[in-house]
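Here's the structure, in structure tokens; my notes come after.
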Amino acid sequence: MNKAIIVALVGATVLAGGCGTVLREVERLAVQPSPSVGTPTSVTSSPARAPGAADLARAAQAALGAVPGSTLTSIEAEEHGHVWEVEVVSQDGTEHQMDVRDGKVVSGPTPEDDDARDKAERSKLLSAAKLDYARAAAKITAAVPEGRITELSLDTERGRTVWEADVRTPDGTKHEVAVDAVTGEITRNNGTRT
């Protein structure tokens with residue numbers, strides 16, 4: 001597909017539906033066969049492209065693969081979603097930090113030098129959580145359908161074990177969402193325009 005057609009389609013999409021629609025349309029066009037050649041057309045990701053659910057899942061899987069038997073406890077998009085800072089906890093309670101780019105670990109995993117108390121607290125938090133990061137992300141995405149998760153972490157809030165997330169919508173609203181990690185109930189969903 002030539003550039004003029006793509007520009008026209010993107011322009012029309014902006015007028016019809018806004019930036020979130022543009023991202024979806026560009027992603028859709030990136031994998032459609034070109035009518036003149038029959039091969040997929042590639043669209044280079046721009047540095048400002050927001051991280052999506054597929055990016056989060058790829059980064060999480062890479063991090064979990066780097067520390068076998070671990071559990072993801074935190075993931076945050078950096079550099080407009082091109083790099084993810086990920087923390088996983090191994091079965092003995094040791095936290096490992098790493099950076100993931102394009103589904104590959106590019107630094108780490110680096111284990112934290114924790115004492116037995118820190119490891120025990122982490123293990124207790126993990127044993128209390130019934131939802132893993134993927135199910136929590138699905139609940140959050142359902143609560144903010146147009147949003148993209150830019151940060152997700154397991155924590156406690158008012159005595160509850162929760163997954164806390166920052167979610168950005170195409171209109172620039174930042175939602176702070178919390179999901180009870182035991183029941184799956186959304187306990188907080190605050191949106192502020194930035």
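What you are looking at is a predicted structure, and each value in this text was computed from that prediction instead of being measured.
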Tell me whether [X] shares a hydrophobic cluster with [Y], the cluster being built from Ile, Leu, Val, Met, Phe, Trp, Tyr side chains joined at under 4.5 Å.
X	Y	value
Leu154	Val67	yes
Val100	Val83	no
Val144	Leu56	yes
Val162	Leu131	no

May I ask you to check whether over 12 heavy atoms, not counting those of [X], lie within 6.0 Å of atom [atom1]?
X	atom1	answer
Lys139	NZ	no
Asp113	CG	no
Gln91	CD	no

Donor-acceptor contact below 3.5 Å, side chain [X] vs main chain [Y]:
X	Y	result
Trp84	Glu151	no
Arg135	Lys130	yes
Thr169	Thr173	yes
Ser123	Lys119	yes

Step by step, work out the side chain to side chain contact (heavy atoms under 4.5 Å, CB included) result for Ile75 and Tyr133.
CA-CA 9 Å; Ile75 185 165; Tyr133 82 91; 5.7 Å; no
Roughly how far, to the nearest 0.5 Å, is the [atom2] atom of [Y] from the [atom1] atom of [X]?
X	Y	atom1	atom2	answer
Thr71	Arg122	OG1	CZ	12.0 Å
Glu78	Glu85	CD	CD	4.0 Å
Thr150	Asp55	OG1	CG	12.0 Å
Thr110	Glu95	OG1	CD	11.0 Å
Ile149	Glu76	CD1	CD	13.0 Å
Thr156	Lys124	OG1	NZ	9.5 Å

Check against side-chain hydrogen bond (donor to acceptor under 3.5 Å, both in side chains), Ser153 and Asp155
CA-CA 6 Å; Ser153 61; Asp155 206 347; 5.4 Å; no
Please determine whether side chain to side chain contact (heavy atoms under 4.5 Å, CB included) holds for the pair Lys174 and Val167, giving the CA-CA distance in whole Å, both sets of side-chain angles, and the decisive distance to 0.1 Å.
CA-CA 6 Å; Lys174 176 184 173 186; Val167 183; over 6 Å; no
Do Asp92 and Thr94 have a side chain donor and acceptor closer than 3.5 Å?
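Checked: Asp92/Thr94 side chains pair up, N/O donor to acceptor below 3.5 Å.
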For His175 and Asn189, does a side-chain donor sit closer than 3.5 Å to a side-chain acceptor?
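A pair is found: one side chain offers a donor N or O, the other an acceptor, under 3.5 Å apart.
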Working note: Thr161 + Leu125, criterion side chain to side chain contact (heavy atoms under 4.5 Å, CB included); need CA distance, chi angles, decisive distance, verdict.
CA-CA 7 Å; Thr161 302; Leu125 183 66; 3.6 Å; yes
How about Glu87 and His96: do any of their side-chain heavy atoms sit closer than 4.5 Å?
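Side chain of Glu87 against side chain of His96, heavy atoms only: no contact under 4.5 Å found.
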Evaluate the side chain to side chain contact (heavy atoms under 4.5 Å, CB included) criterion for residues Leu126 and Val89: first the C-alpha distance (whole Å), next the side-chain angles of each, then the deciding distance (0.1 Å), finally the verdict.
CA-CA 9 Å; Leu126 288 174; Val89 175; 3.6 Å; yes
Over all heavy atoms of both residues, which pair between [X] and [Y] is shortest? Give the atoms and the distance, please.
X	Y	value
Leu72	Ala60	CD1-CB, 3.6 Å
Ala66	Val105	CB-CG2, 3.9 Å
Leu152	Trp163	CG-CE3, 3.7 Å
Val86	Ala63	CG1-CB, 3.4 Å

Salt bridge (charged side-chain N to carboxylate O under 4.0 Å, His left out) pairs, two or more places apart, involving residues 97-112
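Qualifying pairs, neighbours excluded: Glu79-Arg101.
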